[in-house]
Amino acid sequence: MSPYPNTSAAARTASEVNEQIRTLWQRSGGLLSPEDETEYQLLLVEWAAAAGTSVRPAA
C-alpha cells in the first residue's frame with residue numbers, strides 16, 4: 001500500500017475500511033509484519049477520516 005493517498009479514488013466508508021482492517025488482521029493471524037503494520041496504520045488514518053473522528057492527545 002502506498003504511503004500517499006490516492007486522491008483520484010472515491011472515499012470509502014468507515015465500514016468498508018473497517019472490513020479491510022478486519023481482513024488484514026485475519027490474514028496475518030493477529031501478528032502483523034512490518035509491511036502489514038504500515039498498511040494498518042494507513043487504514044486507521046483512513047478509517048478515522050471516514051468516521052469523522054480525529055486523534056487527540058490525552059490531556
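Computed from a prediction, not measured in an experiment: that's the story for all the values here.
The CZ atom of Arg22 lies 12.5 Å from the CG atom of Leu43; values are rounded to the nearest 0.5 Å. Taking CH2 of Trp25 as the start and CG of Leu32 as the end, the distance is 4.0 Å to the nearest 0.5 Å. Here Arg12 contributes atom CZ and Gln20 contributes atom CD; the two are 4.5 Å apart, rounded to the nearest 0.5 Å. For the atom pair CG (Leu24) and OH (Tyr40), the distance works out to 8.5 Å, reported to the nearest 0.5 Å.
Without hydrogens or angle criteria, Glu16 side chain to Thr13 main chain gives a donor-acceptor distance under 3.5 Å.
Placement of Leu44 and Val17 within a single hydrophobic cluster is found when ILVMFWY residues are connected by side-chain heavy-atom separations under 4.5 Å, directly or transitively.
You'll find the side chain of Thr23 reaches within 4.5 Å of the side chain of Glu19, heavy atoms only.
When all heavy atoms of Ala14 and Ala50 are compared, the closest pair comes out as N-CB, 3.5 Å.
Residues Arg27 and Glu39 are paired through a salt bridge, judged by an N-O separation under 4.0 Å between the basic side chain and the carboxylate.
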